[in-house]
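Only a predicted model underlies this, so the values are computations on that prediction, with no experimental measurement involved. In the text below, chain A, chain B and the rest are named by the order of the sequence lines, each starting its count at 1.
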2 protein chains.
Amino acid sequence: MARSARTAPSTATPSPNHGAGETGTGGLRERKKRATRQALQQAAVRLFRDHGTGAVTVDDICAHADVSPRTFFNYFTSKEEVLVPWDRETIDNTAARVLGRPPEEEPLEAAEAVLGEAIETAMNGPTWRDQAVVLRHHPELIEKVVTAFRALEAALVEGFAQRLGRASEDVYVRLLAATAITTLRVSVQSWQDSEAGESMRHYLAENFERLRRGLRPDELG
Amino acid sequence: MARSARTAPSTATPSPNHGAGETGTGGLRERKKRATRQALQQAAVRLFRDHGTGAVTVDDICAHADVSPRTFFNYFTSKEEVLVPWDRETIDNTAARVLGRPPEEEPLEAAEAVLGEAIETAMNGPTWRDQAVVLRHHPELIEKVVTAFRALEAALVEGFAQRLGRASEDVYVRLLAATAITTLRVSVQSWQDSEAGESMRHYLAENFERLRRGLRPDELG
DNA sequence: CATTTTTATGCAGAGACTGCAAAAATGCAT
DNA sequence: ATGCATTTTTGCAGTCTCTGCATAAAAATG
């Protein structure tokens, strides 16, 4: 008798690939949930890519995924959420990963490492390529996706607050987490615009280095 | 025969206070537009503050502002946009202000100065106090407002690209602008949480100083 | 196979937002 | 003042997102 919704799946985001690609884990139920979620995501991303985003309705997505329109909202809280490249699992792990970094690491280095892992996990997802295309063709959508970044930011705050022995409301902790997430966003954006000439990690490393140097100009490219 | 909307006001955001508080500038039309906009904003912010945001409909707002519901969307593109503390005028000026800063200033200093001006202008607006209350009681709304920050960010990118003689797509320029905006957001948030114990500029200065120091811990409070 | 728990679905409805065209208000020149 | 042009307001119809609720379908369990 949990106080949560009676209708929604108990775990809207089954872990598709936490440690490795454990595709066939869990019972039938879990497998079907993963399948449904992925079907919705793939249908949505493909439709977005082909027809633009405004032109695609939730009903369209569900039709292509062979799922009831009502069910869509059991998996995603909004139409655009299908574009979020990570799930609750990843986010929940983030705080722990921050704690797990070597103690001698500077905060920015730890942040870079953790976010680097997160984004690489996302890039290994089955829909990343199309997602990237969609976001490149429809930059307005980045706004919507950024909301999801906020959840990651909160996780970072949690992790660094503990790691540094400070409160979650600590200004430095907040600034650190927010800046790190912003750096991730800028890196992803630049990487996308550059037609994948350099690796994602390259941009990430370069930008974190800029942060370490106090954002002074002309130090790097 | 401009190709723009036939229905919307030509200038949805008349400049309420560009240089000084020029309340009575322009013809009757301009004055009425300002009045309508402000009426909507005040009604909305007050209702949000008293009843929460989800409980207030656009129709409610319009009823209190004595304006047709349809008209609301001539002034704001979404229900939450009434909470944005600056108008198009401010944003358009931003790029120019970046160019206007003394040439010897470091980028971060210029950014701090420009954003400091922007936020102070916003704080002088008639609805700032209530807006702050609303955002404190309903942190979810910060998400929606952040979208507006993105417009400021774009303006910063423009300004710094020119100031530094780089392209708008330059990675450093992007990172600089994005980080500056993020710092503004964190500063505002911390300032709000602290029940106005310190001045806004204090938080802003402190956080920009942290950036200059490469976000190393323990350097400041 | 009966029971319990979880998920999928259908239905109705609230509410945000848009396009369109008529009406009202304002600006302007005579 | 009066007539004409421009801009803003409004009403209306309609689309679409998203939610609550009740029920059917599915699957885990014993």
Once you round it to whole Å, what is the distance between C1' of C:dT18 and CZ of B:Phe72?
-> 14 Å
Heavy atoms of other groups near A:Arg150 CZ, more than 12 under 6.0 Å = yes
Check for a donor-acceptor pair, side chain of A:Glu112 on one end and backbone N or O of A:Leu108 on the other, with a separation under 3.5 Å.
-> no
Separation of B:Glu80 atom CD from D:dT17 atom P, in whole Å?
-> 17 Å
Once you apply the 3.5 Å cut-off to both distances, tell me the Watson-Crick or G-U wobble partner of C:dA22, or none.
-> D:dT9
Roughly how many Å is it from CZ in A:Phe73 to P in C:dG10, rounded to a whole number?
-> 15 Å
Rounded to the nearest angstrom, tell me the gap between atom CZ in B:Arg31 and atom P in C:dA25.
-> 16 Å
Decide, yes or no, whether a salt bridge links B:Arg174 with A:Asp193 under the criterion of side-chain N to carboxylate O below 4.0 Å.
-> yes
Is the distance from OP1 or OP2 of D:dT8 to the nearest side-chain N or O of B:Lys33 less than 4.0 Å?
-> yes
State whether A:Ser68 places a side-chain N or O below 4.0 Å from either non-bridging phosphate oxygen (OP1 or OP2) of C:dA8.
-> no
Less than 4.0 Å between a side-chain N and a carboxylate O, is that true for A:Glu117 and A:Arg101?
-> yes
Would one find more than 12 heavy atoms of other residues, nucleotides or ligands at under 6.0 Å from atom CZ of B:Arg201?
-> yes
Using a strict cut-off of less than 4.0 Å between a Lys/Arg side-chain nitrogen and an Asp/Glu carboxylate oxygen, indicate whether B:Arg185 and A:Glu153 qualify as a salt bridge.
-> yes
Spacing between B:Leu40 atom CG and D:dT8 atom P, to the nearest angstrom = 15 Å
Sorted by chain and residue number, the salt bridge (Lys or Arg N to Asp or Glu O under 4.0 Å) partners of A:Lys144 (sequence neighbours excluded) come out as A:Glu80
A:Asn74 CG to D:dT17 P: how many Å, rounded?
-> 16 Å
Calculate the interatomic distance between A:Phe76 atom CZ and D:dT19 atom P; express it in whole Å.
-> 14 Å
Locate the shortest heavy-atom distance separating B:Tyr75 from B:Lys33; write the atom from each residue and the value.
-> OH-CG, 3.4 Å
Are there any protein N/O atoms within less than 3.5 Å of an N/O atom in nucleotides 27-30 of chain D, and if so, which ones and at what distance?
from	atom 1	to	atom 2	distance (Å)
D:dA27	OP1	A:Lys32	NZ	2.6
D:dA27	O4'	A:Arg29	NH2	3.4
D:dA27	N3	A:Arg29	NH2	3.4
D:dA28	OP1	A:Leu28	N	3.1
D:dA28	OP1	A:Arg29	N	2.7

Determine whether the side chains of B:Asp87 and B:Thr90 contain a donor N or O and an acceptor N or O closer than 3.5 Å.
-> yes
Under 4.0 Å between a side-chain N/O of B:Tyr75 and OP1 or OP2 of D:dT9, yes or no?
-> yes
Contact residues, residues 42-63 of chain B to DNA chain D [heavy atom, < 4.0 Å] | none
Provide, to the nearest angstrom, the distance between the CZ atom belonging to A:Arg70 and the C1' atom belonging to D:dT17.
-> 12 Å
